[in-house]
> 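Below you'll find the structure I mean.
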Amino acid sequence: MDQQNNNLETLRHSLSHVMAAAIKELWPDVKFAIGPAIETGFYYDIDFGEIKIGEEDLGAIEKKMKHIIKQGLKFERTEMAIDEAIAKEKASGQIYKEELIKDLKAAGETSVSYYKLGNFEDLCRGPHLEASGKIKQDIFMLNKLAGAYWRGDEKNKMLTRIYGLAFLTKEELDEYIKMIAEAEKRDHRKLGKEMDLFHIDDKVGLGLPLWHPRGAMLWRLVEDFWYKEHLKGGYELVRSPHIGNRILWETSGHWGFYNSSMYPPIEIGQTLEDRQKSEKIKESEEFLLKPMNCPFHVQIFKSSPKSYRDFPMRWAECGTVYRFEKKGELSGLTRVRGFTQDDAHIMCRADQVEYELKRVVDFILFIFQSFGFDTKTINVYLSLRDPKNKEKYAGNDEGWDFTENVLRKVATDKELNFVEEEGEAAFYGPKLDFKLKDVIGREWQCSTLQFDFNLPERFDMNYTNNKGEDERPYVLHRALFGSFERFLALLIEHYAGAFPVWISPIQIKLVAVSEKHVEYCLKLADDFRSSGFRVSVDASDETVGNKIRKAVKEKVPYMLVIGDKEMNSDNLSIRNRGSDQMREVPREDFIAEIMMKIDNKV
RNA sequence: GCCGAAAUAGCUCAGUGGUAGAGCACUUCCAUGGUAAGGAAGGGGUCCCGGGUUCAAGUCCCGGUUUCGGCUCCA
């Protein structure tokens, strides 16, 4: 299997060279950056200079690639002294390659390897296939074109990135394309529309979703569960407003460091009427839409003196925050401008930190399991500071060493399969992030568990320790879903809209056989509702077949067809979601069954 | 914000310079039905917006908006 993975990676990487060679033939003056293998194929970043490349050019590139493959050219490896290589790239104007080799030199390399394919020679560590002729013609395709900043830095020039798909066999390529097409059917944006869950309305504003009755019900059910479990877990609830005085954000540092992601202030001291008349403001105060809940929770903490005996304090709030995300970053419910964090701050002493962190990790795993996610498929990242760039971070080395080590210990003790990422920490502290993949394979951060050095210092948070001295508490910041919007998006995709009974917005759909059964259906629906079930009735003037068809599309767990037979008996005719079989069940048994499913969250 | 693409009825989409269409949905009427589309009639359009070319623009050109796929950023 490992051998196969290596082969696949070599194949993909070789294809990126073939593509580069093809592009070099078509546009000889372009500058090449990097061209790696990726999870589904390969790409190459290229500076086309003044030349405009569009998707219609991909066909020509692909054709040229097939031609190169047909020629069966060899991949020839050569070594070159590093200074010679720098001179060579400089002479040919390949500025990106020159920069890469200079970095290799700085890292202590004395020579570099090149791979030559026909007339195209490229700096490369390898390995490659022996020859382009080893590549089958039908196992790859160029599929998209995008911009990408050189070295991933938006201050650098934007290069053109051409992506290709590649697999070992044509069957695997076809299968992948089919899989993506299937996955797109589960896209929360598509299902959100089809199932009437939410929409984002231009008139309301970008990234500000509107939740329709069924979507809002889904949210409510998830939120109720969240509250119940938090209370069980020893959390207390707090609440805070959507706007707050600018002073809060100046104190927290966001006024300066985070301002590129914040909505501009609302000026108070005047009414809308004053403003419309362009009246002069007599006394101005500025309020900001909150981009996070923390400062409010800090103010609650500071509202009275605290003792070491008060800890731990676990304060939770589903708080809606507003962040002015760049337009191009917005995406369905996974990236919005107004979103509700399932937030909590845990204030505690140093000796309580490890225990509290472990509790949160358990809570995170429990939550994901409750919604049917396989926790083994969740990617966990330990985000650490960049040791080379210490001035970027709040707090001192001791604090960072302690918190990074305790997070690492917690992740290890909890047997999380985590990856450490240097430089990914927030400026205010290290964190443990849990990321889920959406249907098209994009990773989205959901749960996060963070240390915060910034708030306790900046807001001068204190408690009295057992010696009667002031001491700084530890503040843990955590979210389990991350945000309701993002989590619900992933939940919709996870279940493909076929939610388990306990969170189905509608659990039972009653289908009246004809008009004369409608009244009975409505009464039955009321009975179910008073027992706590969520029911809807199809009383439309349609044939039974048509009503069933529509109910199936709604993905309701139970469909009940109600006609003369049911009116004259205590039995119900039930059709389960996903089945085309009908079964007859006494009403009492059905209620017991559905209750059992709700209890077991299935 | 940047690179590439798309935008036609509530939804899914057809329409390559010459009278704006289909299916579903909606309304009304007929049919009163038994497990995946009963029949008929009807209403519904700023063809994303603004400019240009043309005798004539949904269609071609320019600018903008939004959406989608990436990059950057992020819950």
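Throughout, a chain's letter reflects where its sequence line sits, starting with A, and its residues are numbered from 1.
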> Categorize A/Q445 for me: base, sugar-phosphate, or nothing, with a 4.0 angstrom heavy-atom threshold over every strand shown.
sugar-phosphate
> Given B/A25, is OP1 or OP2 found less than 4.0 Å from the side-chain N or O atoms of A/K550?
yes
> Which is true for A/E55 with a 4.0 Å heavy-atom rule: it touches a base, it touches only sugar-phosphate, or it touches nothing?
sugar-phosphate
> Using the six-membered ring wherever Trp is involved, compare the ring planes of A/F451 and A/F453 and label them parallel, tilted or perpendicular (cut-offs 30° and 60°).
parallel
> Determine the contact category for A/D564: base if any of its heavy atoms lies under 4.0 Å from a base atom, sugar-phosphate if only primed atoms, P, OP1 or OP2 are that close, otherwise nothing.
base
> Can the positive tip of A/R337 be found less than 6.0 Å from the middle of the six-membered ring of A/F324, inside 45° of the ring normal?
yes
> Any donor-acceptor pair under 3.5 Å joining the side chain of A/R323 to the base of B/C74?
no
> Compare all side-chain heavy atoms of A/L288 with those of A/W255 and state whether any distance is below 4.5 angstrom.
yes
> Parallel, tilted or perpendicular for A/F198 and A/W211, by the 30°/60° rule?
tilted
> Check every strand shown and say whether A/V336 touches a base, only sugar-phosphate, or nothing at a heavy-atom separation below 4.0 Å.
base
> I need the CZ-C1' distance between A/F324 and B/A75, as an integer number of Å.
18 Å
> Are the side chains of A/I492 and A/L218 in contact, using a 4.5 Å heavy-atom criterion?
yes
> Suppose we call a contact any N or O donor and acceptor under 3.5 Å apart; does that hold for the side chain of A/R151 and the base of B/C71?
no
> Figure out the NZ/C1' separation between A/K326 and B/C2, and round it to whole Å.
9 Å
> Please figure out whether A/L159 or A/V552 has its closest RNA chain B nucleotide nearer the 5' end.
A/L159
> Starting at atom CE of A/M292, determine the distance to atom P of B/A75, rounded to an integer number of angstrom.
7 Å
> Hey, what's the ring geometry for A/Y322 with A/H242, parallel, tilted or perpendicular (30° and 60° as the breaks)?
tilted
> Below 4.0 angstrom from OP1 or OP2 of B/A75, is there any side-chain N or O of A/S483?
no
> Hey, does A/W226 have a side-chain heavy atom less than 4.5 Å from the side chain of A/F487?
no
> In whole angstrom, give the distance that lies between atom CD of A/E443 and atom P of B/C71.
12 Å
> When the distance from CG of A/D342 to P of B/A75 is rounded to whole Å, what number comes out?
13 Å
> Are any non-hydrogen side-chain atoms of A/I61 and A/M19 less than 4.5 angstrom apart?
yes
> How are the rings of A/F225 and A/F371 set to each other: parallel, tilted or perpendicular (split at 30° and 60°)?
perpendicular
> Nearest whole Å is fine: how far is B/U72 P from A/R335 CZ?
12 Å
> Whether the side chain of A/E56 and the base of B/G4 hold a donor-acceptor pair under 3.5 Å is what I'd like checked.
no
> Quick one: which of A/K190, A/R189, A/K185 gives a salt bridge (charged side-chain N to carboxylate O under 4.0 Å, His left out) with A/D187?
A/R189
> Which comes earlier along RNA chain B counting from the 5' end, the contact point of A/W444 or that of A/K52, where each point is its nearest nucleotide?
A/K52
> Checking ring-ring contact (aromatic ring centres under 6.0 Å, His included) between A/F32 and each of A/W150, A/Y44, A/Y43, which is the one that passes?
A/Y44
> How would you label the contact of A/N143 with the nucleic acid (heavy atoms, under 4.0 Å): base, sugar-phosphate, or nothing?
nothing
> For A/Y381, is the NZ or CZ atom of A/K435 found under 6.0 angstrom from the centre of its six-membered ring and inside 45 degrees of the ring axis?
yes
> Under 4.0 Å between any heavy atoms, over every strand shown, what does A/S573 touch: base, sugar-phosphate, or nothing? Just pick one.
base
> Which dot-bracket string fits RNA chain B when only Watson-Crick or G-U wobble pairs with both atom distances under 3.5 Å count, crossing pairs get [ ], and | stands for a partner on a different strand?
(((((((..((((....[..)))).(((((.......))))).....(((((..]....))))))))))))....
> Between atom CG in A/D343 and atom C1' in B/A75, what is the gap in whole Å?
10 Å
> So A/T543, base contact, sugar-phosphate only, or nothing? Heavy-atom distance under 4.0 Å.
base
> For each nucleotide in nucleotides 64-70 of chain B, reading 5' to 3', give B when a protein heavy atom comes within less than 4.0 Å of its base, S when such contact involves only the sugar-phosphate, and - otherwise.
--SSSBB
> Decide, yes or no, whether a salt bridge links A/R220 with A/D224 under the criterion of side-chain N to carboxylate O below 4.0 Å.
yes
> Along nucleotides 8-15 of chain B, 5' to 3', which nucleotides get a B, which get an S, and which get a -, given that the test is a protein heavy-atom distance under 4.0 Å?
---SS---
> Just the rounded figure in Å: distance from P of B/C73 to CZ of A/R486.
14 Å
> Are OP1 or OP2 of B/A36 and a side-chain N or O of A/R575 less than 4.0 angstrom apart?
yes
> If you measure from the ring centre of A/F339 to the centre of the six-membered ring in the base of B/A75, is it under 5.5 Å, with the planes under 30° apart?
yes
